[in-house]
Amino acid sequence: MNAPQAAPEDELDLMKEIISLCKQRGFIFQSSEIYGGLKSCYDYGPLGAELKRNIMNEWWRAMVHEREDIVGLDASIIMHTNVWKASGHLAGFADPLVDCLISKERFRADNAPRPEPGADLPIACGDKGQAKAYHKAITERFGIELRRRGKVLEGLKVIDEETFGFFADDSDEAAETFPYRGYVSPEIGCPFLSDERQFNLMFRTSLGPVDPVQRLARAIEGKALSRDEATAIIEEKIGENAVYLRPETAQAMFVQFANIQQALSLKVPFGIAQMGKSFRNEITVEHFIFRSCEFEQMEMEYFVEPGKQKEALDFWKDERLSWYQRYANDPSRFRLRQHEPEELAHYADDCYDIEYEYPWGWGELEGIASRTDYDLKKHSEHSGVRLTYFDPEKENPETGKKGVHYTPYVVEPAAGATRTTLMYLLDAFCYDSPRPDAQGKVKTRRVLKLHPRLAPYKVAVLPLVKRDGMPELAREIVQQFFNSGINAKYDEQHQVGKRYARHDEVGTPYCLTVDGESLEDGTVTIRDRDTTEQERIKIDEALQVVAGRLADS
RNA sequence: GCGGGUGUAGCUCAGUGGUAGAGCAUCACGUUGCCAACGUGAAUGUCGAGGGUUCAACUCCCUUCACCCGCUCCA
């Protein structure tokens with residue numbers, strides 16, 4: 001008897017398995033692979049396109065079709081640049097980032113500790129070995145010998161706002177001075193830092209047929225410019241027709257709030273939902289499709305009367321959590337996490353994350369934020385257009401009469417469709433318990449236990465052998481499924497056992513097999529992916545049986 | 001961006017300074033006909049890319065691209 005194929009030892013192997021399966025079976029390929037690939041970009045192959053689409057369709061069904069109070073939107077990815085000025089993305093997403101020259105740590109300058117003039121600047125290393133290495137690095141690079149006391153390096157002190165210095169023992173005179181940036185690296189408290197670099201997380205491009213580089217070249221031609229002067233001119237010229245790819249889908253729903261509310265005569269509370277691509281120049285991309293620069297979102301803005309946001313937030317956090325669990329095999333890998341007050345974005349008064357326990361730990365799937373009236377007010381200010389709701393029933397506190405204008409508060413469940421796709425792949429992937437096959441060998445079955453509604457193919461129709469009229473009958477059956485809008489797959493390659501195995505691996509929940517008996521009495525077998533059990537049903541009823549099981553699942 | 005690892009057939013991986021290997025997958029023929037079957041035969045490679053050292057580089061050196069694992073980003 002052969003030893004069973006080893007199942008993944010740990011969770012990190014699971015990611016490798018998933019990535020490998022995705023490529024092998026046509027779920028997800030690296031973008032531009034034949035050219036060496038492109039960082040963080042991925043293409044969804046035939047199966048992946050189906051899976052992602054099914055997930056997004058289920059979201060749309062739950063959020064838009066099945067609710068009277070929510071409507072859909074499909075907005076342009078490129079929007080007026082003022083949208084991003086109003087939303088704060090142009091300023092807020094341009095974080096000044098700095099690298100510590102000694103520890104190589106990268107951090108945001110605006111969050112770093114700021115020792116005042118007169119303060120000592122001890123460099124606190126992780127351990128003695130590190131202290132030794134950093135000590136050496138500083139000596140080599142800056143020509144000063146700091147005092148090493150355990151894992152702390154001493155001798156530096158802030159002199160004034162713009163200078164720090166090295167002070168030898170018992171000396172009030174600085175032996176050496178350096179320009180001070182006003183802050184130190186958070187991890188070790190080091191003042192030796194790289195230049196601040198602006199990381200604009202938005203993708204900038206230009207709208208219009210004239211290449212901005214030409215105008216730019218003309219503007220700086222023949223001029224001797226300092227770096228700051230050149231930057232200012234370039235910013236101005238590029239800015240003239242600069243546009244941005246949206247970093248989130250949400251803003252269009254605020255910007256079109258009034259149009260949609262009026263066109264559909266919507267009464268608060270109501271929601272606007274949108275799915276689509278968003279783009280962010282992430283500092284680091286990681287974990288396959290988990291964090292990528294181009295990604296897909298499913299967002300909904302729910303507008304409520306001021307004061308009722310808490311109630312709405314409570315509703316949506318539970319509703320959204322249960323939506324994820326509905327399609328998952330292991331509901332225990334999800335959790336809700338409320339943000340700490342200091343963690344909240346400036347526009348939010350409360351926020352929950354729905355997190356999933358990925359192989360590398362808990363990570364976010366969706367954020368459900370109570371965004372107050374921040375966005376509508378900001379867009380109203382910047383555009384000069386009133387973005388309020390008139391409630392004819394509510395009493396105006398000033399006049400005492402019925403009818404009042406107010407700016408609604410917003411609760412926003414914002415989900416990552418790309419991440420959700422990865423999450424359901426992880427949730428579905430498993431090795432079935434080993435069992436002996438017909439030859440007595442022990443085989444471990446690799447199965448994607450995808451929820452039937454998410455599975456790329458709902459049913460595979462297989463002729464047992466490629467003759468005696470079985471292929472023809474099988475094709476007729478497939479056609480019936482197509483006519484009913486159920487994605488079926490005809491498959492006649494290889495021996496039937498191999499076809500079962502391949503369909504298990506891509507998550508096809510049911511296989512219908514046409515055999516000799518089918519031709520005699522009009523029956524086929526239906527095989528269940530998870531149990532591998534088969535039962536015989538009438539061909540005439542096959543469509544109903546499958547449709548019924550899909551509806552019940 | 002920094003550190004660590006990886007890159008060889010469609011896939012999973014061996015490999016050595018001297019003519020590129022295995023298993024699986026693929027194709028053909030035969031036997032078979034319900035869970036990755038067996039036999040026989042065939043095809044398959046810019047050894048991630050670009051330079052350098054060498055009589056000779058998949059192997060050693062440099063550069064670069066991509067992926068994976070850690071630091072920061074919150075869909």
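Both backbone and side-chain heavy atoms feed into the values below; hydrogens, waters and symmetry mates do not. Labels below follow one simple rule: chain letters A, B, ... track the order of the sequence lines, proteins then strands, and each chain is numbered from 1. Keep in mind it's a predicted model, so treat the numbers as computed, not measured.
None of A:R25, A:K449, A:R499 except one satisfies the salt bridge (charged side-chain N to carboxylate O under 4.0 Å, His left out) rule with A:E505; the exception is A:R25. Of the candidates A:F295, A:F288, A:F29, A:F288 is the only one forming a ring pair (Phe, Tyr, Trp, His ring centres under 6.0 Å) with A:Y42.
Judged purely by distance below 3.5 Å, without hydrogens or angles, the side chains of A:H339 and A:D353 pair a donor atom with an acceptor atom. Using a 3.5 Å distance cut-off with no hydrogens or angles, the side chains of A:Y431 and A:E17 do pair a donor with an acceptor. Residues A:Q30 and A:D43 have side chains that never bring a donor and an acceptor to within less than 3.5 angstrom of each other. Defined by atom type and a distance below 3.5 Å, a donor-acceptor pair is missing between the side-chain atoms of A:T418 and A:E296.
Side chain of A:Y500 to main chain of A:R527: no donor-acceptor pair is present (N/O by atom type, distance under 3.5 Å, no hydrogens or angles). Put simply, the side chain of A:R529 never gets that close to the backbone of A:C511: no donor and acceptor are under 3.5 Å apart.
Here the separation of B:rC13 from B:rU6, taken at their C1' atoms, is 13 Å to the nearest Å. Nucleotides B:rG10 and B:rA43 are separated by 13 Å at their C1' atoms, to the nearest Å. Of the P atoms belonging to B:rG51 and B:rC47, the separation is 13 Å, rounded to the nearest Å. On the C1' atoms, B:rU32 is 46 Å away from B:rA66, given to the nearest whole Å. A distance of about 16 Å separates the C1' atoms of B:rG45 and B:rA25, rounded to the whole Å. One C1' atom belongs to B:rG7, the other to B:rC11, and the distance between them is 15 Å to the nearest Å. With both ends at atom C1', the span from B:rG30 to B:rC69 equals 50 Å, rounded to whole Å. Taking the P atoms as reference points, B:rA14 lies 10 Å from B:rU8, given to the whole Å.
Salt bridge A:E355/A:R320: absent, no basic N to carboxylate O contact under 4.0 Å. Salt-bridge check for A:R536 with A:E517: passed, with a basic side-chain N closer than 4.0 Å to an acidic carboxylate O. Under a 4.0 Å N-O distance rule, the pair A:R337/A:E364 does not qualify as a salt bridge. Taking 4.0 Å as the cut-off between side-chain N and carboxylate O, A:E319 and A:R67 do not count as a salt-bridged pair.
Between B:rC73, B:rA36, B:rC74, one nucleotide has an atom nearer to the side chain of A:R25 than all others, and that is B:rA36. For A:V465, the listed nucleotide lying nearest its side chain is B:rG33; candidates were B:rC35, B:rG33, B:rA66. You'll find that the side chain of A:I19 is closest to B:rC68, out of B:rG70, B:rC68, B:rC34. Residue A:E343 has its side chain nearest to B:rC74 when only B:rC74, B:rC34, B:rC73 are considered. Checking B:rC73, B:rC35, B:rG70 against every side-chain atom of A:R291, the shortest atom distance belongs to B:rC73.
As rounded to whole Å, 8 Å separates atom P of B:rC35 from atom CD of A:Q534. The distance between atom CG of A:L344 and atom P of B:rC74, rounded to the nearest whole Å, is 13 Å. Counting to the nearest Å, the P atom of B:rC38 and the CD atom of A:Q495 are 10 Å from each other. Nucleotide B:rC34 holds its C1' atom 10 Å from the CZ atom of A:R499, rounded to whole Å. Between the C1' atom of B:rA75 and the CD atom of A:E286 lies a distance of 13 Å, rounded to the nearest Å. Rounded to an integer number of Å, the gap from OH of A:Y35 to P of B:rC67 is 18 Å. Taking atom CG of A:N281 as the reference point, atom P of B:rG1 lies 12 Å away to the nearest angstrom. If you take CG of A:D515 and P of B:rC35, they are 13 Å apart, rounded to a whole angstrom.
For the pair A:A414 and A:I34, nearest-nucleotide mapping onto RNA chain B gives the more 5' position to A:I34.
A:Y374 and A:Y347 have tilted rings, their planes meeting at an angle from 30° to 60° on a 0 to 90° scale.
A:V496 comes within 4.0 angstrom of sugar-phosphate atoms only, judged by non-hydrogen atoms across all strands, and of no base. Residue contacts shown for A:E296 are absent, as no nucleic acid heavy atom lies under 4.0 Å away. Among the heavy atoms of the strands lying under 4.0 Å from A:R467 is at least one base atom, whether or not backbone atoms are also near. Counting any heavy atom pair closer than 4.0 Å across all strands shown, A:L365 reaches sugar-phosphate atoms only and no base atom. If you check every strand for non-hydrogen atoms under 4.0 Å, A:H339 touches a base. Contact annotation for A:R527: base contact, defined as any heavy-atom pair under 4.0 Å involving a base atom. Using a 4.0 Å heavy-atom criterion, one finds that A:E299 contacts no nucleic acid atom at all.
Side-chain N/O atoms of A:R280 and base N/O atoms of B:rC73 include no donor-acceptor pair closer than 3.5 Å. In terms of polar N and O atoms assigned as donor or acceptor, the side chain of A:E505 comes within less than 3.5 Å of the base of B:rA36 in a complementary pairing.
Contact annotation: A:H287 reaches the phosphate of B:rC69 (side-chain N/O to OP1 or OP2, under 4.0 Å).
You can call A:F295 stacked on the base of B:rA75; the centres are under 5.5 Å apart and the planes sit within 30°.
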Secondary-structure string, 5' to 3', Watson-Crick or G-U under 3.5 Å, | for another-strand partners, for RNA chain B: (((((((..((((....[..)))).((((((.....)))))).....(((((..]....))))))))))))....
Could you pull out the protein-nucleic contacts involving nucleotides 2-11 of chain B (nitrogen or oxygen on both sides, under 3.5 Å)?
residue	atom	partner	partner atom	Å
B:rC11	OP1	A:K23	NZ	2.6
B:rC11	O2'	A:Q24	NE2	2.9

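Of the inter-residue distances, the one linking A:Y327 atom OH with A:E58 atom CD reads 3.5 Å to the nearest 0.5 angstrom. Distance check, rounded to the nearest 0.5 Å: CE of A:M15 to OH of A:Y358 gives 9.5 Å.
Of all the residues in residues 39-50 of chain A, A:K39, A:S40, A:Y42 reach under 4.0 Å from RNA chain B with at least one non-hydrogen atom.
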